[in-house]
Amino acid sequence: MSGPSPFAAWWATYALATGIVSVGLDSAGHEVLSRIALVPACAAWPAAAAGLARRAPGGWRAETPAALTTVAAAAVLGTGFSAAGRHSLAGALLALALLLWAVLLTVEDKGRRGTVFLRCVATQGLAVLGATLAAAEAAAWLAHAALVLFWLGLALYGFALFRFQPRQVEEGRGDHWLAAGALAVSSLAGAKLLSADSARLYLWNEENTGALRTTTVTLLGLALIACVALLLAELFWPRHHYDVRRWATVFAAAVTAAAALAVADALDARWLDVAGQALLWIAVAAWLGCTAWALASARAGAGRPRVRSRARR
């Protein structure tokens with residue numbers, strides 16, 4: 001069996017990071033910029049899916065991080081399409097992502113890096129899309145299904161945190177930021193569930209709403225604390241070389257901004273909206289910086305002379 005495909009991993013992480021930037025821009029009211037960001041994300045996702053499709057389903061065991069990232073990216077793209085009014089396409093992506101998620105959820109990942117949080121990220125991504133579509137289509141059953149995914153995602157985060165190696169904070173190449181990103185996307189899912197409630201649907205009673213609100217705000221606070229801690233770790237242990245896993249850092253920054261904006265909308269908290277706007281532009285700057293870094297790394301790799309092996313074949 002061949003190893004994981006860097007091709008699929010790159011496109012999957014790029015689609016996920018770029019897609020959540022688009023979602024954040026839409027939440028902030030920048031619809032034109034959101035649609036522009038959605039275009040490269042949409043172009044990247046089929047490339048990632050094609051890279052995985054070339055392997056037999058049994059071979060996906062070696063591709064688990066890339067495959068789960070592709071599932072999460074599909075959910076994020078669906079959320080972007082729903083925001084653009086393309087609910088049918090968003091529903092199709094939800095169905096496809098759910099199918100892949102069901103296949104991959106039980107596949108064992110023996111790694112101890114930040115990729116252990118991808119099960120949580122993918123599950124909460126489905127919860128975000130489900131809650132978004134439930135609000136758009138007034139589908140109570142979809143909101144309740146998203147709520148189940150939300151609580152399942154939190155349980156998966158607990159399992160991942162137990163397996164995660166703390167030394168990755170020092171040694172990780174970017175994917176360790178998924179520890180914060182998973183918290184943020186969980187908070188985003190909670191905010192979308194709160195916003196999906198209405199007088200027409202009446203999804204949650206007062207007790208359930210209180211528990212969901214408390215959990216969502218707590219998750220956002222933990223995500224912000226985790227981001228600050230990981231940023232300080234980057235200053236103490238700087239990573240000078242580009243790695244495809246650095247796109248997970250961009251995802252964590254962007255999804256934290258999107259979560260802050262969504263929670264501000266759900267709770268009608270003006271001060272949090274201002275903070276979310278500031279975080280969003282930091283995330284956009286991180287996306288631009290990572291894009292430039294990737295291009296510079298690609299040019300350096302292309303210009304590096306190839307050394308021909310003298311070993312006997």
Side-chain angles (χ1 to χ4, degrees), residues 16-17 19-30 72 76 79 114 116-118 120-121 123-125 127-128 131 150-151 153-154 156-158 160-161 164 166 168-170 172 174-195 210-237 239 245-287 289-290:
L16 178 61
I20 199 62
V21 167
S22 174
V23 170
L25 287 168
D26 183 82
S27 298
H30 306 293
V76 167
T79 303
V116 296
F117 293 101
L118 280 172
C120 172
V121 171
T123 304
Q124 296 291 15
V128 169
F150 171 74
W151 293 118
L154 293 184
L156 290 172
Y157 186 90
L161 190 61
F164 180 65
Q168 287 298 312
V169 174
E170 175 184 355
D175 56 321
H176 58 292
W177 278 78
L178 288 173
L183 288 170
V185 74
S186 298
S187 178
L188 177 60
K192 292 292 186 181
L193 286 166
L194 286 169
S195 296
L212 190 56
R213 182 185 293 112
T214 300
T215 303
T216 299
V217 173
T218 301
L219 288 168
L220 179 59
L222 291 173
L224 290 170
I225 292 172
C227 283
V228 172
L230 291 173
L231 181 59
L232 291 174
E234 295 278 353
L235 297 177
F236 279 109
W237 301 291
R239 285 76 162 173
R245 289 168 288 184
R246 182 52 75 183
W247 284 102
T249 304
V250 179
F251 165 76
V255 77
T256 301
L261 290 168
V263 173
D265 180 65
L267 303 183
D268 195 21
R270 175 62 183 167
W271 69 270
L272 192 54
D273 183 71
V274 174
Q277 293 269 1
L279 288 170
L280 176 63
W281 294 116
I282 292 174
V284 170
W287 184 91
C290 197

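Heads up: numbering here begins at 1 and tracks the sequence.
Every residue was checked against the side-chain hydrogen bond (donor to acceptor under 3.5 Å, both in side chains) condition with E170, not counting sequence neighbours, and none meets it. Contacts of L224 classified as side-chain contact (heavy atoms from CB on, under 4.5 Å), with partners at least two apart in sequence or in another chain: L220, T256, L279. In this structure T123 satisfies the side-chain contact (heavy atoms from CB on, under 4.5 Å) test together with W101, L105, L149, L152, L156, sequence neighbours excluded. Looking at residues two or more places apart in sequence or on another chain, you find a side-chain contact (heavy atoms from CB on, under 4.5 Å) between L232 and V228, L235.
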Checklist entry - Where do V169 and F236 land on the side-chain contact (heavy atoms from CB on, under 4.5 Å) test, with the steps shown first? => result CA-CA 10 Å; V169 174; F236 279 109; over 6 Å; no
Item to check | F251 and L178: CA distance, side-chain angles, deciding distance, side-chain contact (heavy atoms from CB on, under 4.5 Å) verdict | outcome: CA-CA 8 Å; F251 165 76; L178 288 173; 3.9 Å; yes
Item to check | Intermediate values then yes/no, side-chain contact (heavy atoms from CB on, under 4.5 Å), V23 and V128 | outcome: CA-CA 11 Å; V23 170; V128 169; over 6 Å; no
Checklist entry - Could you walk me through whether L193 and L212 pass the side-chain contact (heavy atoms from CB on, under 4.5 Å) check? => result CA-CA 8 Å; L193 286 166; L212 190 56; 3.8 Å; yes
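Within the 4.5 Å cutoff, the side chain of W177 has heavy atoms near those of the R246 side chain. The side-chain heavy atoms of T215 and L154, taken from C-beta on, include a pair separated by under 4.5 Å. The shortest distance between side-chain heavy atoms of L188 and Q124 does not fall below 4.5 Å. Within the 4.5 Å cutoff, the side chain of K192 has no heavy atoms near those of the F150 side chain.
S187 places no side-chain N or O within 3.5 Å of a backbone atom of L219 that could act as its donor or acceptor partner. Y157 places a side-chain N or O within 3.5 Å of a backbone atom of A179 that can act as its donor or acceptor partner.
Atom CZ of R239 is separated from atom NE2 of H176 by 4.0 Å, given to the nearest 0.5 angstrom. In this structure, the separation between CD1 on I225 and CG on L230 is 12.0 Å, given to the nearest 0.5 Å. Between the CZ atom in F117 and the CG atom in D175 there is a gap of 10.0 Å [rounded to 0.5 Å]. In this structure, CG in L280 is found 6.0 Å from CG in L261, a value given to the nearest 0.5 Å. The distance from atom CG of L267 to atom CG of L194, rounded to the nearest 0.5 Å, is 6.5 Å.
Note on residues 262-281: pairs passing ring-ring contact (aromatic ring centres under 6.0 Å, His included), not counting sequence neighbours, are H30-W281. Within the structure, salt bridge (charged side-chain N to carboxylate O under 4.0 Å, His left out) pairs that include any residue of residues 254-276 comprise R270-D273 (at least two apart or interchain).
Of all non-hydrogen atoms in V250 and A283, the two that sit nearest each other are CG1-O, 4.4 Å. Here the closest heavy-atom approach between residue V255 and residue A184 is recorded as CG1-CB, 3.5 Å. Closest approach of A180 to C227, counting heavy atoms only: CB-SG, 3.9 Å. Minimum heavy-atom separation, A189 to A127: CB-CB, 3.9 Å. The two residues A260 and L272 have their closest heavy-atom pair at O-CG, 3.6 Å. When all heavy atoms are compared, the tightest approach of A248 to G174 is CB-O, 3.7 Å.
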